[in-house]
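Structure record follows, encoded as structure tokens.
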2 protein chains.
Amino acid sequence: MQIDSIDIAQTASAAGIIYEALKKAIIEGQLADGAPLRQDEIARMFNTSRIPVREALTMLEQQGLVVTQRYKGAVVAGISPDEAGEIWDFRALVEGRVIEAAVPRMSPETLRRARCHLEAFSRATDPVEWGDLNRRFHTVLYHDSGLAYHLGIIEKTLDRVDRYLRAQLALSNGLARANAEHEGILRACETGDAPRAGMLTRQHILGAKANLLENLARR
Amino acid sequence: MQIDSIDIAQTASAAGIIYEALKKAIIEGQLADGAPLRQDEIARMFNTSRIPVREALTMLEQQGLVVTQRYKGAVVAGISPDEAGEIWDFRALVEGRVIEAAVPRMSPETLRRARCHLEAFSRATDPVEWGDLNRRFHTVLYHDSGLAYHLGIIEKTLDRVDRYLRAQLALSNGLARANAEHEGILRACETGDAPRAGMLTRQHILGAKANLLENLARR
DNA sequence: TTCTTGCATATTGTATCCAATATTCGATAT
DNA sequence: ATATCGAATATTGGATACAATATGCAAGAA
């Protein structure tokens, strides 16, 4: 006999815990670009040896979230304006395609959840919550595509640039604009208009790209 | 003073060497799907401890080339037919876009190199060489796009499925067909017809997908 | 027989220790 | 004063040793 409801969450290795914590800190921008990640310092923070820390850093490096130099250590990976622009183009390409594939398969439950996130988004006041809800709104809409590989790539790409997304949202009219565009995308999903959902998603992302580059140039 | 031509290739850590070797073995299909990767066995093969082996396995897992279960070890990651089909769709989407971006920026040197690979491909007799030249032909054509992030994703995706590409090439008319289609793509690049290069690339990839799924179904 | 139960073995996860390299800072020469 | 060199320190890479978990097998009970 097997008991399903118990053998969950046995997957908590020290390395995994450290990885998740560091990833969260980088994604949310708590660790600035270029900040050094010293192995024994992190090991002390988690009461472990450096071994699981090194494993976590290896994972983060593969994801492009940190950059390591041999015998010199790891730092949080930054993003150049060129790279940022390119990544937003990539997002428009892939996320546009994925939402087109998702719309015809989208369940009422998914639509309900998306609207829930959208409303919570418009009510939220905490910048961290803005970022979380914005991201969840989008990924929920992509989910029903069933395109696991695409979804994985999208997640990794968002991890890579989430900091900048959050910073954009916090700017002047970032919130209002995002809200209006989200509303349009969700409407298209609700009416089953896949091409329109794709087009609006691409516009949404490329508009954000233009905004971002403008702000990066200003600094 | 700094001497540039010397401080190259200082990047040979044990973990890196093991990683590259395992990756090559997986990509070329020398390690079958599901084959277990025992830490101390690999460590003995490379005359190291298990520490750098673990680092290599962690990297491979992040790339999706192996799957690890806690306290049970790593095995070479397989691909389901569904996944395979999806990945070929992804390739058509991204590689089509990238070659469109590359054509207007493509240097004569690049075109020369591509033709060189194509000719070597048509002359080659070794299956391993087919795979290598096929891949190099494509990635050379993508390079001048300058889209570093896209290129990185493409490389990782090809790493993930290269085994199946090679198997396809070795089949009945795989070689002749690939050769003809490559010729068409290169011609479009040479004449600077970016949309045509993009279309032919998408066709090339989606045709290979159909072939692949057919063969997977037959087994 | 067939299923459980406990132990022995194998394998992975982590801690501790040593080696290799980088960085800092002071001494010295120009 | 400035630049250069070298030792002291800090930090990472890897090896060895130990702990935690899984697997296989043998013995016994239903």
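None of the values given here were measured: they were computed from a predicted structure. Numbered from 1 within each chain, the chains take letters A, B, ... in sequence-line order.
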Exercise for the section: Test for a donor-acceptor pair under 3.5 Å between the base of D:dG13 and the side chain of A:Arg50, counting only N and O atoms. Expected result: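 Pair found.
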
Practice task
Check each of B:Ile154, B:Leu151, B:Ile205 against B:Val94 using the side chain to side chain contact (heavy atoms under 4.5 Å, CB included) test, and report the only one that passes.
Solution key: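 That would be B:Ile154.
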
[X] [atom1] to [N] [atom2]: how many Å, rounded?
{"X": "B:Ile42", "N": "C:dT11", "atom1": "CD1", "atom2": "C1'", "result": "13 Å"}
{"X": "B:Asn47", "N": "D:dT16", "atom1": "CG", "atom2": "C1'", "result": "15 Å"}
{"X": "A:Leu37", "N": "D:dA10", "atom1": "CG", "atom2": "P", "result": "20 Å"}
{"X": "A:Gln69", "N": "C:dA20", "atom1": "CD", "atom2": "C1'", "result": "16 Å"}
{"X": "A:Arg44", "N": "D:dA10", "atom1": "CZ", "atom2": "C1'", "result": "12 Å"}
{"X": "B:Glu55", "N": "C:dG13", "atom1": "CD", "atom2": "P", "result": "14 Å"}

Exercise for the section: Would you mind checking if B:Asp159 and B:Arg135 are paired as a salt bridge, meaning a charged N to carboxylate O distance below 4.0 Å? Expected result: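 The answer is yes: the pair qualifies as a salt bridge.
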
Exercise for the section: Identify whether the distance between the nearest side-chain nitrogen and carboxylate oxygen of B:Arg112 and B:Glu109 falls below 4.0 Å. Expected result: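 Looking at B:Arg112 and B:Glu109, the cut-off is met.
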
Let's see if you can work this out: which of [options] has an atom nearest to the side-chain heavy atoms of [X]?
{"X": "B:Asp40", "options": "D:dT16, C:dT11, C:dA15", "answer": "C:dT11"}
{"X": "A:Gln39", "options": "C:dT11, D:dG13, C:dT14", "answer": "D:dG13"}
{"X": "A:Ile51", "options": "D:dG13, C:dT12, C:dA15", "answer": "C:dA15"}

Practice task
Could you say whether A:Ala14 or A:Tyr71 is positioned toward the 5' end of DNA chain C, judged by the nucleotide with the nearest heavy atom to each?
Solution key: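 Comparing both residues, the 5'-ward one is A:Ala14.
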
Exercise for the section: For residues B:Pro127 and B:Arg166, determine if any side-chain heavy atom of one lies less than 4.5 Å from a side-chain heavy atom of the other. Expected result: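 No, their side chains stay 4.5 Å or more apart.
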
Handout entry: Minimum side-chain heavy-atom gap B:Arg54-B:Gln39 below 4.5 Å
Key =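 Of all side-chain heavy-atom pairs linking B:Gln39 with B:Arg54, at least one is under 4.5 Å.
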
Practice task
Taking only the side-chain nitrogens and oxygens of B:Arg54, find out if one of them lies under 4.0 Å from OP1 or OP2 of C:dG13.
Solution key: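 Checking C:dG13 against B:Arg54, a side-chain N or O does come within under 4.0 Å of OP1 or OP2.
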
Exercise for the section: Indicate, with a heavy-atom threshold strictly under 4.0 Å, whether B:Arg38 touches base, sugar-phosphate, or nothing. Expected result: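 It contacts sugar-phosphate atoms only.
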
Handout entry: 5'-most by nearest nucleotide on DNA chain D - B:Lys72 or A:Lys72
Key =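 Its nearest nucleotide lies further toward 5', so the answer is A:Lys72.
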
